[in-house]
2 protein chains.
Amino acid sequence: MADDVTDPLEIRPGYQLKRAAAAAMSDLNDRLSVLDLRQVDASVMLMIQAEPNVIASHIGRVLDIKSANMVPLLRRLEERGLIEKVPLDGKSHGLHLTAAGETIMIEANAILDRFETDLMERIPAEHREHLAPALRAIWHSDT
Amino acid sequence: MADDVTDPLEIRPGYQLKRAAAAAMSDLNDRLSVLDLRQVDASVMLMIQAEPNVIASHIGRVLDIKSANMVPLLRRLEERGLIEKVPLDGKSHGLHLTAAGETIMIEANAILDRFETDLMERIPAEHREHLAPALRAIWHSDT
DNA sequence: AGAATATTGCTATATAAGATAGCTATAAAT
DNA sequence: ATTTATAGCTATCTTATATAGCAATATTCT
């Protein structure tokens, strides 16, 4: 039996969204793996880079990472010498990229830029500009 | 510190895709939970409904479900009396919905339709029609 | 027909992401 | 000053999916 039978899920946008995200995220993970970084690592470091001295709980709030999961994530990055913590007061630490962290982020940003260029290039031109606004609407109106 | 600091990931379509998918899938899982079905269960049953007598390995190929994971999935559905297996030859089984399976799929299809209507309604009208083609392009050109 | 190969469905186990529950110390609010 | 909220943390659980491999059967090739 050839696999040309109509997939009843092909017409469902929810399924398209899931499969597109899975394909894209798998691709990105492969690309980031050469730096031994996961997406979540890169996104956290991106936030630290954008706002040095940011605290962990703020990153967690923005990126939806539970503090229980943030702790080992930051510890790994710190142990690799990519970030450092500077005490702000008795309980908070400002996060910063180290020199090594800045260096790896040059490559990480290049990978992310390339990934996104490739991602957008897959999309026919007439649909391309609509993707980000549509996705943002889905995400931000989620209750 | 108010959380109005610019999120450096807001501008990245890859991140938008991930967050939109996560929000939508979480929503859908909540809705399907009233039937005690997960998305993957519903999608498998949808394929069986669309093509009675389909075999498990075909579903796995189309939906990207490993046979090791298909086995317990089908067993649960069979134990709940929602599907049944009819031997086709010495090693394959044709899958069918039972009467109970047909009944639950009436509700499941209603939930899916409603979910997708709500999903699309969140998107501003001028972007709406572009979402599915854009997502399909991302998914299907994935190597 | 016989031999080699591929497919189907399966078991058992590993991995990885993320969620839950709860705790201590500190800071902020009343 | 007392209460409440926040930051960071530990330990553990759940869940989805991946890996490795197997026996029986079907298919393909010579």
Side-chain angles (χ1 to χ4, degrees), chain A residues 1-3 15 18-19 21-30 32-33 36-44 47-48 51 53-79 83-96, chain B residues 1-3 15 18-19 21-26 28-30 32-33 36-44 47-48 53-79 83-96:
Chain A
M1 186 190 305
D3 285 358
Y15 187 72
K18 180 178 185 165
R19 293 299 297 263
M25 294 309 110
S26 166
D27 177 14
L28 178 54
N29 273 327
D30 287 350
L32 285 173
S33 69
D36 196 21
L37 288 176
R38 296 171 303 156
Q39 286 170 63
V40 68
D41 300 323
S43 61
V44 165
M47 284 211 60
I48 298 172
E51 189 191 346
N53 218 38
V54 67
I55 67 176
S57 58
H58 175 74
I59 297 177
R61 245 173 272 123
V62 173
L63 300 186
D64 256 345
I65 302 171
K66 304 256 180 293
S67 86
N69 300 323
M70 184 70 82
V71 173
L73 189 164
L74 293 177
R75 184 166 46 224
R76 270 193 307 270
L77 295 177
E78 195 178 18
E79 281 170 357
I83 65 169
E84 58 190 1
K85 298 177 183 176
V86 176
L88 292 179
D89 57 31
K91 66 176 180 183
S92 301
H93 310 274
L95 299 171
H96 299 261
Chain B
M1 187 191 305
D3 284 356
Y15 187 71
K18 180 178 186 165
R19 293 300 296 263
M25 294 310 109
S26 166
L28 178 54
N29 273 327
D30 287 349
L32 284 173
S33 69
D36 196 21
L37 288 176
R38 298 171 302 157
Q39 286 170 64
V40 68
D41 299 323
S43 61
V44 165
M47 283 210 60
I48 298 171
N53 218 35
V54 67
I55 67 176
S57 60
H58 175 73
I59 297 177
R61 245 173 271 123
V62 173
L63 300 186
D64 255 345
I65 302 171
K66 304 258 180 288
S67 86
N69 301 323
M70 184 70 80
V71 174
L73 190 164
L74 292 178
R75 184 167 46 224
R76 270 192 309 269
L77 295 177
E78 196 178 19
E79 281 170 357
I83 66 168
E84 57 190 1
K85 299 178 183 177
V86 176
L88 292 179
D89 57 31
K91 67 177 180 182
S92 301
H93 311 275
L95 299 171
H96 299 262

Quick one, B:Tyr15 with A:Leu63, criterion side chain to side chain contact (heavy atoms under 4.5 Å, CB included). Give me CA distance, side-chain angles, the key distance, then yes/no. CA-CA 10 Å; B:Tyr15 187 71; A:Leu63 300 186; 3.1 Å; yes

For the atom pair NE2 (A:His93) and CD1 (A:Ile55), what is the distance rounded to the nearest 0.5 Å? 10.0 Å

Atom-pair distance (NZ on A:Lys91; C1' on D:dT4), nearest Å: 10 Å

Roughly how many Å is it from CG in B:Leu88 to C1' in D:dA24, rounded to a whole number? 16 Å

Sugar-phosphate atoms are those with a prime plus P, OP1 and OP2; base atoms are the rest. Using that split, label each nucleotide of nucleotides 12-23 of chain D B, S or - for protein heavy atoms under 4.0 Å, 5' to 3'. ----SBBBB---

Quick one: side-chain hydrogen bond (donor to acceptor under 3.5 Å, both in side chains) partners of [X], sequence neighbours excluded?
X       : value
A:Asp89 : none
A:Asp36 : none
B:Asn29 : B:Gln39
B:Ser57 : B:Arg61

For B:Ala42, what residues pass the side-chain contact (heavy atoms from CB on, under 4.5 Å) criterion, not counting sequence neighbours? B:Leu32

B:Arg38: which residues meet the salt bridge (charged side-chain N to carboxylate O under 4.0 Å, His left out) condition with it, sequence neighbours left out? B:Asp41

Please list, chain by chain and in numerical order, all residues satisfying salt bridge (charged side-chain N to carboxylate O under 4.0 Å, His left out) with A:Asp30, sequence neighbours excluded. none

Which two nucleotides bound the region of DNA chain C that has atoms under 4.0 Å from heavy atoms of chain A, read 5' to 3'? C:dA17 to C:dA27

Strictly by side chain to side chain donor-acceptor pair (under 3.5 Å), give each pair with a member in residues 64-73 of chain A just once, sequence neighbours left out. A:Asp64-B:Arg19

Would you say A:Arg61 places a side-chain N or O within less than 4.0 Å of OP1 or OP2 belonging to D:dT6? no

How bent is the helix from C:dA1-D:dT30 to C:dT30-D:dA1, measuring the angle between the end axes built from five pairs each, rounded to 10°? 40°

Exercise answer: donor-acceptor pairs, residues 71-78 of chain B side-chain atoms, under 3.5 Å, sequence neighbours excluded:
none

By nearest-nucleotide position on DNA chain C, the 5'-leaning member of B:Gly94 and A:Gly90 is B:Gly94

With nearest nucleotide decided by heavy atoms, which residue, A:Asp89 or B:Ser57, maps closer to the 5′ end of DNA chain C? B:Ser57

